[in-house]
J.: 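Structure in structure tokens, see below.
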Amino acid sequence: MRTKHSPHSLPGFPVYSCAFVSENELVLGGGGGQSKTGIKNKLRLYRVNSEKVMELLDELELDKGEDAPMSMAASLDDKEIICGINSSEEQLKVKQNQNCRVFGIKDGKLVSRSTTSTLSILSEEDDFQKVTVLSPDHSLLAAAGTKDLSVLKYPSLEPLSSAITISKGEIYDAAFSSSTLVIATTVNLLIYNLPDDTDSEKKAGKHKATSSASLQLLKTVDRPELPGKDAGSSFRAIRFHPDNPKFLYAVLNTVPPRTRTKSLPRRAFICKFDTDTWKVLKVRKVSDKGVTCFDISPNGRFLAFGSSDLTVGIIDAQTFAPLVTILKAHDFPPTTLRFNPTSRLLVSGSADNTVRLVSVPENLGASSWSSWIIIIVTLLILLFAFIAQQMRQAYA
């Protein structure tokens, strides 16, 4: 069964972040950033019932001078989204950057709920909240810029601990299991232990003012050795398996060696880690250019990626077999990628003012394996028939 997908043009709206707040409600974040391009920074709420139709339900324009929403996570239970949005230059100058923001949906409209500051930056600094990730039970929130990551209680946005500052590399992603926080930097994975009672206030329905807990660094995982003769690699994105935190998937982009002749491709690999031993269980090259965004389906069956060669792809999370490849999905590299809660729809967005909706059949992957089984069985039948015929002729 061929996977159906459709592009959707959004004139004057470069897309940088997205999240589903229900099976068919999608929030997009984008705009022209803090540059004086005249392109407004906005959040948009859409209804998407299939890959063919996007219905705009609401649009929330951010204040003048504020940045575009550069990262996003969603709490389905509360129908809220958490975004990374830098304040205006005037606010940055007085160190009042309300970069971590919560928005809700009330009567079909996007409304601001709460804000907090996790990044104190100067206006001339090029930093922003590039990572926004919720824990599986939605009791904790990780918000990170290039060097600093804050773990907050959700929905109160109170700090769980002092901010984590890395000394080497840059932060690119983070992922929670029920007991650990993994931070992906360009040079390593940092595994932190979470306090045992992080979800007690969430279960009680309120957040009490408690002293900040300390996060213990349990382990540092270096970049694995990858096939080929690349000069090095860097972590780009990570995701825990939603049903089995024993497995963590990581995207690594390679650095090609310097040569005096033809330049070599900057390949991208997906690795599957065993989180008990932190050994690599499986590796697959997915692109000859760097991967820019990555996601795992909520049912744990599919891994999706967007590449700087403009491709959007889906592979099987267990076998790493390629299932879907959409060439030239956008005119610019994809900036964001997300499955909906049922794993039946995938959305990718780009700064080229487009999104692409991909319908994910329920039997995706299974049908391809069925086809291979049919082919193999047919070949075996033909082989046995040929052997039987040869034996009859020999005894004739």
Side-chain angles (χ1 to χ4, degrees), residues 10-21 25-47 54 56-75 78-134 141-146 148-150 152 154-159 163 335-336 338 349-355:
L10 306 175
F13 190 58
V15 179
Y16 293 103
S17 59
C18 69
F20 282 93
V21 291
E25 290 176 295
L26 170 68
V27 178
L28 299 178
Q34 291 181 318
S35 59
K36 296 177 174 60
T37 61
I39 300 176
K40 304 296 185 181
N41 298 310
K42 305 173 182 178
L43 290 170
R44 285 182 174 180
L45 174 65
Y46 289 88
R47 177 178 288 115
M54 288 183 65
L56 180 62
L57 301 178
D58 190 37
E59 179 178 276
L60 177 64
E61 185 176 315
L62 302 178
D63 290 342
K64 183 178 179 180
E66 293 186 327
D67 204 353
M70 300 302 293
S71 61
M72 190 182 298
S75 173
D78 306 314
K79 244 186 177 181
E80 291 183 337
I81 58 168
I82 307 96
C83 300
I85 303 172
N86 275 350
S87 297
S88 64
E89 290 188 8
E90 289 74 17
Q91 295 298 314
L92 295 181
K93 289 177 181 177
V94 294
K95 298 184 178 181
Q96 294 182 358
N97 184 25
Q98 297 296 305
N99 57 282
C100 188
R101 310 190 187 191
V102 179
F103 297 86
I105 299 174
K106 183 178 181 180
D107 299 326
K109 300 291 185 180
L110 289 161
V111 294
S112 178
R113 290 274 169 84
S114 58
T115 68
T116 193
S117 176
T118 64
L119 293 176
S120 180
I121 60 177
L122 300 175
S123 58
E124 63 268 16
E125 291 180 330
D126 187 20
D127 198 6
F128 59 95
Q129 186 177 313
K130 62 171 69 174
V131 176
T132 306
V133 177
L134 280 168
L141 169 69
T146 301
D148 302 298
L149 182 142
S150 296
L152 309 175
Y154 182 80
S156 70
L157 302 185
E158 296 175 0
T335 52
T336 184
R338 200 64 60 92
S350 173
D352 67 351
N353 305 331
T354 68
V355 298

J.: Should C100 and L141 count as side-chain neighbours, where that means a heavy-atom distance under 4.5 Å?
T.: yes
J.: Determine which pairs satisfy side-chain hydrogen bond (donor to acceptor under 3.5 Å, both in side chains) with at least one residue from residues 60-70, sequence neighbours left out, and list them in order.
T.: E66-R101
J.: Measuring only between side-chain heavy atoms, which start at C-beta, is R113 closer than 4.5 Å to D78?
T.: no
J.: Ignoring hydrogens, what is the shortest heavy-atom contact between L26 and L28? Give both atom names and the distance.
T.: CD2-CD2, 3.9 Å
J.: Under the criterion salt bridge (Lys or Arg N to Asp or Glu O under 4.0 Å), which of K109, K42, K40 is the partner of E59?
T.: K42
J.: For a quick test of reading the model, state the closest non-hydrogen atom pair linking L119 to F128 and the distance between them.
T.: CD1-C, 3.5 Å
J.: When you measure from the side chain of N41 to the backbone N and O of G32, does any donor-acceptor pair fall under 3.5 Å?
T.: yes
J.: Shortest non-hydrogen contact from G29 to F13?
T.: C-CZ, 4.0 Å
J.: Taking side-chain hydrogen bond (donor to acceptor under 3.5 Å, both in side chains) as the criterion, tell me which of T115, N86, T118 meets it with N99.
T.: T118
J.: Is any side-chain heavy atom of I85 less than 4.5 Å from a side-chain heavy atom of P69?
T.: yes
J.: Verify, without hydrogens or angle tests, whether T132 (side chain) and C83 (backbone) share a donor-acceptor contact under 3.5 angstrom.
T.: no
J.: Decide yes or no for F103 and L45: does some side-chain heavy atom of the first lie under 4.5 Å from some side-chain heavy atom of the second?
T.: no
J.: Quick one: does T335's side chain have a donor or acceptor within less than 3.5 Å of a partner on G349's backbone?
T.: yes
J.: Evaluate the criterion side chain to side chain contact (heavy atoms under 4.5 Å, CB included) for residue pair V131 and S71; output intermediate values, then yes/no.
T.: CA-CA 6 Å; V131 176; S71 61; 5.9 Å; no
